[in-house]
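Below you'll find the structure, written out as structure tokens, and then a few comments.
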Amino acid sequence: MDSLSLLTDAPVPPVPANLTWLRAVVARFSSGEDHERRRALVVEQLRRVDPAALREAARARPPDAPVAVLADALGLPVDPADVVLVAGAYQPHFPQSAVADAACARLVEALGGMPDERTAAVIGLLVQACDATVSLIRHTAANSAEPPVPATRRLVDGAEVSVDLHDAPFGAGPHACPGEAHARALAEGFLSAARGTSRA
């Protein structure tokens with residue numbers, strides 16, 4: 001057997017479905033053509049959900065459940081608790097842990113077991129619906145002008161930079177949040193239900 005055959009027949013090591021993998025293949029931390037392609041996968045998922053339907057579904061759930069509502073609307077068999085764990089380690093400057101990596105692996109498995117860009121796009125979408133949407137609900141309820149996420153981080157020429165979002169709460173340009181209408185619909189649904197309950 002020649003050396004080429006040995007190389008060809010060698011098994012390809014599996015890709016570890018952890019936070020390092022996730023950040024490497026989501027639109028959030030990409031640029032250029034990679035970002036355009038990966039963002040399109042997120043938009044594809046969002047097109048499957050009518051914001052009005054999300055608003056109505058949110059009315060029947062507690063205000064800390066936007067991930068569960070979105071996952072149900074997309075028909076995703078995921079555990080929202082795993083999304084919360086991944087969200088807590090999503091940014092590279094957040095504390096990292098084996099617990100978060102294990103949660104990421106469980107999400108990949110629940111979504112078909114294929115650690116590819118499409119799976120990463122779905123996980124990234126759910127993560128974005130986590131703390132940011134809960135924050136949007138709280139700020140809207142308090143009539144606060146504070147954006148749900150005061151600042152975000154982007155990679156520019158390989159360097160991490162902070163981007164202030166006070167003037168553009170959902171971002172702007174190529175990195176503008178594609179789920180703004182859905183996030184606002186979730187917030188409106190949860191707040192509508194809360195206000196109805198308080199008047200009862």
Side-chain angles (χ1 to χ4, degrees), residues 22 26-28 38-91 100 103-104 106-112 114 117-150 152 165-200:
L22 183 62
V26 291
R28 175 69 179 269
R38 293 165 180 172
R39 189 179 190 277
L41 293 173
V42 176
V43 172
E44 177 185 306
Q45 292 295 319
L46 289 170
R47 284 177 176 158
R48 296 171 50 203
V49 183
D50 180 5
L54 273 184
R55 186 182 300 110
E56 190 60 30
R59 289 176 54 83
R61 305 291 284 272
D64 61 348
V67 172
V69 174
L70 181 58
D72 286 350
L74 289 168
L76 303 175
V78 300
D79 184 348
D82 283 336
V83 179
V84 172
L85 288 170
V86 171
Y90 191 51
Q91 293 280 358
C104 186
R106 287 193 296 271
L107 289 173
V108 171
E109 190 63 29
L111 294 170
M114 184 66 68
E117 289 187 351
R118 186 174 298 278
T119 299
V122 174
I123 296 174
L125 174 59
L126 293 173
V127 166
Q128 293 295 115
C130 195
D131 295 343
T133 304
V134 171
S135 180
L136 174 64
I137 294 167
R138 290 173 180 161
H139 290 170
T140 304
N143 293 317
S144 171
E146 186 75 9
V149 179
T152 189
L165 295 178
H166 282 81
D167 293 332
F170 288 88
H175 280 274
C177 174
E180 178 177 356
H182 298 76
R184 292 191 183 280
L186 283 167
E188 290 165 4
F190 286 124
L191 291 173
S192 174
R195 287 164 182 159
T197 300
S198 66
R199 289 195 297 266

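- In terms of the salt bridge (Lys or Arg N to Asp or Glu O under 4.0 Å) criterion, residue partners of R118 (sequence neighbours excluded) are, by chain and number, E44.
- Contact detail for V134 and P66: the closest heavy-atom pair is CG2-CG, 3.7 Å.
- Heavy-atom minimum distance, A57 versus V69: CB-CG1, 3.8 Å.
- Across A100 and V86, no two heavy atoms sit closer than the pair O-CG2, 3.9 Å.
- For E56, the side-chain hydrogen bond (donor to acceptor under 3.5 Å, both in side chains) test picks out no residue, with sequence neighbours left out.
- In this structure, the side chain to side chain contact (heavy atoms under 4.5 Å, CB included) partners of A58, at least two apart in sequence or on a different chain, are L186, F190.
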Listed pairs under 3.5 Å, donor-acceptor, residues 178-185 side chains, sequence neighbours left out:
| residue | atom | partner | partner atom | Å |
| --- | --- | --- | --- | --- |
| E180 | OE2 | R184 | NE | 3.0 |
| E180 | OE2 | R184 | NH2 | 3.3 |
| H182 | NE2 | L46 | O | 3.1 |
| H182 | NE2 | V49 | O | 3.1 |

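- Closest approach of A120 to V26, counting heavy atoms only: O-CG1, 3.5 Å.
- For D131, there are no side-chain hydrogen bond (donor to acceptor under 3.5 Å, both in side chains) partners at least two apart in sequence or on another chain.
- Evaluation of the salt bridge (Lys or Arg N to Asp or Glu O under 4.0 Å) rule for E109 yields no partner, not counting sequence neighbours.
- Checked against side-chain hydrogen bond (donor to acceptor under 3.5 Å, both in side chains), R48 has the following partners two or more places apart in sequence or in another chain: Q45.
- With sequence neighbours left out, R55 forms a salt bridge (Lys or Arg N to Asp or Glu O under 4.0 Å) with E188.
- The shortest non-hydrogen separation linking A141 to L191 is CB-CD2, 3.5 Å.
- Among residue pairs with one or both ends in residues 73-88, those qualifying as salt bridge (Lys or Arg N to Asp or Glu O under 4.0 Å) are D82-R106; sequence neighbours excluded.
- Checked by atom type and distance alone, the side chain of T119 never pairs as donor or acceptor with a backbone atom of V108 at under 3.5 Å.
- Residues L125 and L70 meet the side-chain proximity criterion, which asks for heavy atoms closer than 4.5 Å.
- Using a 4.5 Å cut-off on side-chain heavy atoms (C-beta onward), V43 and R39 make contact.
- Two residues are said to be in side-chain contact when any heavy atoms from C-beta on lie closer than 4.5 Å; L74 and V122 fail this criterion.
- Remark: L111 CG to L126 CG distance equals 7.5 Å, nearest 0.5 Å.
- Contacts classified as ring pair (Phe, Tyr, Trp, His ring centres under 6.0 Å) and involving residues 69-90 (residues at least two apart or in different chains) are given here: F29-Y90.
- With sequence neighbours excluded, no residue forms a side-chain hydrogen bond (donor to acceptor under 3.5 Å, both in side chains) with S135.
- With sequence neighbours left out, D72 forms a salt bridge (Lys or Arg N to Asp or Glu O under 4.0 Å) with R61.
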